[in-house]
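Just so we're clear, the structure is a prediction, and the values are computed from it rather than from any experiment.
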Amino acid sequence: MAFDVDMIRRVYATLGGRVEAARKAVGKPLTLSEKILYSHLFSGATTQAFERGKAYVDFAPDRVAMQDATAQMALLQFMQAGRPKVAVPSTVHCDHLIQAEVGAVKDLDIAKNKNKEVYDFLASVSDKYGIGFWKPGGGIIHQVVLENYAFPGGMMIGTDSHTPMAGGLGMIAIGVGGADACDVMAGLAWELKMPKLIGVKLTGKLSGWSSAKDVILRVAGILTVKGGTGCIVEYFGEGAETLSAAGKGTICNMGAEIGATTSIFGYDDKMGDYLRATNRGDIADAAQAVKADLRADEEVYADPASYYDQLIEINLTELEPHINGPFTPDLAWPLSNFAKAIRENNWPAKLEVGLIGSCTNSSYEDMTRSASVAAQATAKHLKTKAEFTVTPGSELVRFTAERDGLLDTFERIGGVVLANACGPCIGQWARHMDDPTRKNSIITSFNRNFAKRNDGNASTHAFVASPEIVTAFAIAGDLTFNPMTDTLTNEAGEQVKLDEPQGIEQPVKGYAVEDAGYQAPAEDGSGVQVIVSPTSDRLQLLAPFKAWEGTDLTGLKLLIKAKGKCTTDHISMAGPWLKYRGHLDNISNNMLIGAVNFYNEKTNTVKNQLTGEYGEVPAVQRAYKAAGVGSIVVGDENYGEGSSREHAAMEPRFLGVRAILVRSFARIHETNLKKQGMLALTFANPADYDKVQEDDTIDINGLTEFAPGRPLEIVLHHADGTEDEFPVNHTYNEGQIEWFKAGAALNIIRMKQNA
């Protein structure tokens with residue numbers, strides 16, 4: 001029996017009529033993405049078509065999911081909204097705050113003790129407001145959602161950038177900031193610019209060492225980290241129907257690395273198999289009854305180039321295993337070229353750690369394929385040359401894998417099984433290293449590999465591949481090894497070759513679990529107390545941000561001109577800072593400490609224009625705030641790429657930064673800035689970035705006539721008395737301008753609730 005069955009049946013009951021209305025309004029056959037988007041309009045069945053990439057549209061998602069790091073701020077905001085209960089089914093998943101160090105049992109015990117205050121807060125606030133709570137150890141949010149909540153044709157938002165994993169079950173699932181989640185939980189519309197559509201036609205069938213992970217690694221190489229921005233990536237074709245639901249989920253999950261709004265597959269038998277295997281046969285039956293509306297129209301499949309804004313074709317039969325990296329997830333190397341790339345770029349060939357699991361690749365199928373490789377090390381008398389860690393995606397997967405002997409297989413070759421949590425994937429890794437500054441290589445089956453991402457060490461070269469490829473490399477200990485062609489020397493001095501991995505999609509004996517980790521909320525939460533200690537350094541109740549003063553912004557100081565890549569990890573690091581995700585003041589001490597200052601090529605050192613001295617970025621900004629001086633941050637291309645963390649927007653807002661001016665934004669971060677009442681601006685001429693000088697005082701003019709499509713003006717007052725003026729663009733619509741004027745979107749929610 002699935003969760004929220006009545007809600008799912010209501011979606012299917014209206015699906016056909018809304019799809020037909022959309023087909024009439026658009027005037028042509030529909031893609032799957034269009035069917036789901038138009039069937040989830042806040043206003044109901046549509047009477048108009050919305051232009052892709054241009055029109056802002058109000059949607060009504062079916063559910064909300066939050067992980068513990070972002071849930072803290074999302075729920076602190078929701079508490080300000082004044083509602084007694086969430087308006088749509090919502091869940092919290094405790095997966096981010098568990099640090100990997102020695103192994104699952106001890107690491108989980110330490111986390112429960114260390115984070116007790118946060119877990120108690122999340123459990124109690126969930127209990128009070130009707131939110132399902134998944135305890136620490138229950139699993140990683142996206143794997144748990146795939147196993148329990150995702151359903152074909154649905155729409156959900158989640159406070160994590162890898163929420164799109166639910167697209168593996170045919171769901172439009174989009175990563176957002178906590179303010180967006182707060183809106184939906186409060187019963188308001190969720191706004192999104194109508195995405196463009198990228199079609200990926202898959203032909204052929206995977207075999208041998210190639211896996212679903214290699215599809216997205218290849219797509220990342222084609223589209224780069226920003227090629228999917230503003231787009232939904234829709235996979236189809238006979239090749240798509242050969243992929244398991246878990247494999248589809250892997251592809252959709254890592255679509256976040258190309259900046260895609262989300263990714264999705266059409267409903268097929270593989271999805272039905274997965275639903276039935278995870279005790280949701282009732283949903284599979286309901287989906288089968290409306291299958292035609294859970295796939296693109298046949299005309300789309302017959303002539304895809306006429307219906308997608310961009311079309312990519314990949315033959316799975318010819319697809320090689322890929323390894324992506326280092327330092328960026330879109331640097332894609334076919335396995336046959338990888339050894340050459342290692343040598344030519346002088347990257348460390350010795351592999352120090354192989355890590356499998358994470359939200360991207362921790363299904364039962366992933367575990368079986370990796371275990372089939374690990375078992376060969378034992379059978380062929382090979383010893384692993386690198387450290388090896390295994391992260392199951394959920395307690396359901398872990399318990400079943402243990403029952404079926406998979407975990408024992410990993411442990412026999414020295415593998416360490418970690419807790420069912422994000423761990424090293426998000427920097428929650430107490431890595432044991434002799435010298436953190438030493439150049440070294442690791443390889444993971446994760447999704448992200450920016451510098452410092454996994455272990456906090458800038459010298460670590462992190463590569464991304466499928467779990468089975470990672471396992472093979474861990475056995476070899478050498479990144480120039482090719483498991484498809486090369487042999488290894490075993491303990492007897494013999495040359496042995498690894499066989500192709502073997503795996504199964506669903507456990508033969510079915511899934512099993514004793515305690516999945518779920519805690520249902522109280523039927524009536526009115527009497528539940530949510531307690532936040534005023535002396536806590538982990539949690540802090542929020543005060544509303546101040547409304548706009550009604551004037552242009554003048555006399556702003558340049559805080560930092562960030563050079564090159566500036567992800568949300570650079571703006572608000574994870575790792576040890578995760579413990580402050582519920583305390584805005586404390587976590588603001590990591591604001592932009594990872595960004596490279598254009599003027600001195602250093603991180604976390606900028607000029608304080610009040611004193612002329614250099615200091616840490618948060619300290620300089622606090623000095624400006626104390627002096628009542630506003631400031632501005634200038635950035636480069638795709639500013640704010642990476643995770644959905646809204647702290648990267650809330651911290652500058654809290655410390656008094658008034659505007660972020662960049663060459664271009666990543667989608668989620670731009671929205672987060674708008675939600676918090678910040679100005680998110682882009683250079684009309686990207687070359688104007690070069691005009692900004694270190695000692696500039698800056699004015700932003702045109703705010704008293706702030707309107708959609710009307711540029712604002714920047715005036716740079718240079719230290720030598722000269723000036724530069726130029727226009728800057730924005731993407732604010734009328735509603736978003738009201739967010740700015742009110743000081744934040746949440747301020748408007750509260751005013752409406754109290755009206």
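- Side-chain contact check for Asp214 versus Trp209: every heavy-atom pair is 4.5 Å or farther apart.
- Between Ile264 and Ile232 there is a side-chain heavy-atom pair separated by less than 4.5 Å.
- Using a 4.0 Å cut-off between charged side-chain N and carboxylate O, Arg431 and Glu352 make a salt bridge.
- Of the N and O atoms on the side chains of Ser306 and Asp303, at least one donor lies less than 3.5 Å from an acceptor on the other residue.
- Phe481 and Phe473 have perpendicular rings, their planes meeting at more than 60° on a 0 to 90° scale where under 30° would count as parallel.
- Taken to the nearest 0.5 Å, the CG atom of Asn148 stands 8.0 Å off from the OG atom of Ser394.
- Within the model, atoms CG of Leu146 and CG of Leu396 stand 11.0 Å from one another, a figure rounded to the nearest 0.5 Å.
- For the salt bridge (Lys or Arg N to Asp or Glu O under 4.0 Å) test with Asp268, the passing option among Lys291, Arg295, Lys248 is Lys248; the others fail.
- For the residue pair Ser336 / Glu320, a side-chain donor-acceptor distance below 3.5 Å is found, with atom types taken as modelled.
- Within the structure, the salt bridge (Lys or Arg N to Asp or Glu O under 4.0 Å) test picks out no pair touching residues 141-151 (sequence neighbours left out).
- Under a 3.5 Å cut-off, the side chain of Arg453 and the backbone N or O of Cys425 do form a donor-acceptor pair.
- Panel note: side chain Thr242, backbone Lys205; no donor-acceptor pair is recorded below 3.5 Å.
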Are Val390 and Glu411 close enough, and set up right, to give a side chain to side chain contact (heavy atoms under 4.5 Å, CB included), and what steps lead you there?
CA-CA 9 Å; Val390 179; Glu411 289 170 345; over 6 Å; no
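- Inspection of the Gln67 and His93 side chains reveals no N or O donor paired with an N or O acceptor under 3.5 Å.
- Between Met254 and Lys213, the closest side-chain pair of non-hydrogen atoms falls below 4.5 Å.
- The distance from the OG atom of Ser161 to the CZ atom of Arg448 is 3.5 Å, given to the nearest 0.5 Å.
- Closest of all the heavy-atom pairs between Gly357 and Ser445 is N-OG, 2.9 Å.
- Without hydrogens or angle criteria, Asp404 side chain to Leu406 main chain gives no donor-acceptor distance under 3.5 Å.
- Taking the charged nitrogens against the carboxylate oxygens, Asp408 and Arg403 have no contact shorter than 4.0 Å, which rules out a salt bridge.
- Shortest non-hydrogen contact noted between Ala476 and Lys385 is O-CG, 3.3 Å.
- For Glu234 and Tyr308, the side-chain atoms include at least one donor-acceptor pair closer than 3.5 Å.
- Paired with Phe463 under the rule ring pair (Phe, Tyr, Trp, His ring centres under 6.0 Å), one option of Phe327, Trp347, Trp333 passes, and it is Trp347.
- Qualifying salt bridge (Lys or Arg N to Asp or Glu O under 4.0 Å) partners for Asp499, counting only residues two or more places apart in sequence or in other chains: Lys380.
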Pair Leu32, Phe265 - check side chain to side chain contact (heavy atoms under 4.5 Å, CB included), show working.
CA-CA 8 Å; Leu32 170 62; Phe265 284 80; over 6 Å; no
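- In terms of heavy atoms, Asp330 sits closest to Val225 at OD2-N, 2.9 Å.
- Between the side chain of Thr460 and the main chain of Ala462, no donor-acceptor pair closer than 3.5 Å is present.
- Looking at Ser441, its side chain does come within 3.5 Å of a backbone N or O of Pro348 through a donor-acceptor pair.
- Side-chain contact check for Tyr235 versus Val219: some heavy-atom pair is nearer than 4.5 Å.
- Within 6.0 Å of NZ on Lys497 lie more than 12 heavy atoms contributed by other residues, nucleotides or ligands.
- Closest of all the heavy-atom pairs between Met367 and Pro392 is CE-CA, 3.8 Å.
- Salt-bridge formation is not detected for the pair Arg369/Glu365: no Lys NZ or Arg NE/NH1/NH2 atom is positioned less than 4.0 Å from an Asp or Glu carboxylate oxygen.
- A salt bridge links Asp309 with Arg52: the closest approach of a Lys/Arg side-chain nitrogen to an acidic carboxylate oxygen falls below 4.0 angstrom.
- Summarising the geometry, atom CD1 belonging to Ile222 is positioned 9.0 Å from atom CD belonging to Gln310; distances are rounded to the nearest 0.5 Å.
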Apply side-chain hydrogen bond (donor to acceptor under 3.5 Å, both in side chains) to residues Arg645 and Thr159 and explain how you reach the verdict.
CA-CA 7 Å; Arg645 69 192 62 150; Thr159 61; over 6 Å; no
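- Salt-bridge annotation for Glu241 and Lys270: absent, with no side-chain N of the basic residue lying under 4.0 Å from a carboxylate O of the acidic one.
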Please test Asp160 against Thr163 for side-chain hydrogen bond (donor to acceptor under 3.5 Å, both in side chains), starting from the C-alpha separation and ending with a verdict.
CA-CA 6 Å; Asp160 189 278; Thr163 299; 5.3 Å; no
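- Closest non-hydrogen pair, Phe59 versus Leu37, comes out as CE2-O, 3.2 Å.
- Atoms CD and OG, on Gln506 and Ser363 in that order, are 8.5 Å from each other to the nearest 0.5 Å.
- The closest side-chain donor-acceptor pair between Tyr12 and Asp293, if any, does not fall under 3.5 angstrom.
- Without hydrogens or angle criteria, Thr250 side chain to Thr360 main chain gives a donor-acceptor distance under 3.5 Å.
- Between Asn449 and Gly325, the closest heavy-atom pair is ND2-CA, 3.4 Å.
- With a 4.5 Å cut-off on side-chain heavy atoms, Ile323 and Leu335 count as touching.
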Hey, mind stepping through Glu641 and Lys565 against salt bridge (Lys or Arg N to Asp or Glu O under 4.0 Å) and telling me if it holds?
CA-CA 8 Å; Glu641 71 174 278; Lys565 187 182 287 288; 3.2 Å; yes
For side chain to side chain contact (heavy atoms under 4.5 Å, CB included), just list the numbers for Thr409 and Leu407, CA-CA rounded to whole Å, side-chain angles, deciding distance to a tenth of an Å, and then say yes or no.
CA-CA 5 Å; Thr409 298; Leu407 300 188; over 6 Å; no
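- Atoms CD1 and CG, from Ile98 and Asn420 in turn, are 8.0 Å apart once rounded to the nearest 0.5 Å.
- A side-chain donor-acceptor contact under 3.5 Å links Thr31 and Glu34.
- Counting only heavy atoms from C-beta outward, the side chains of Leu319 and Val215 approach each other to under 4.5 Å.
- With respect to Ile198, the side chain to side chain contact (heavy atoms under 4.5 Å, CB included) criterion is satisfied by exactly one of Cys231, Ser263, Ser33: Cys231.
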List the steps, then state whether side chain to side chain contact (heavy atoms under 4.5 Å, CB included) holds for Ser211 with Glu468.
CA-CA 9 Å; Ser211 72; Glu468 48 269 50; 3.3 Å; yes
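- Between Met165 and Ile141, every side-chain heavy-atom pair lies at or beyond the 4.5 Å cut-off.
- For the residue pair Asn253 and Asn447, a side-chain donor N or O sits within less than 3.5 Å of a side-chain acceptor on the partner.
- With no hydrogens or angles considered, no side-chain donor-acceptor pair links Tyr364 and Glu505 at under 3.5 Å.
- Side-chain atoms of Met155 and Thr262, non-hydrogen and from C-beta on, never get closer than 4.5 Å to each other.
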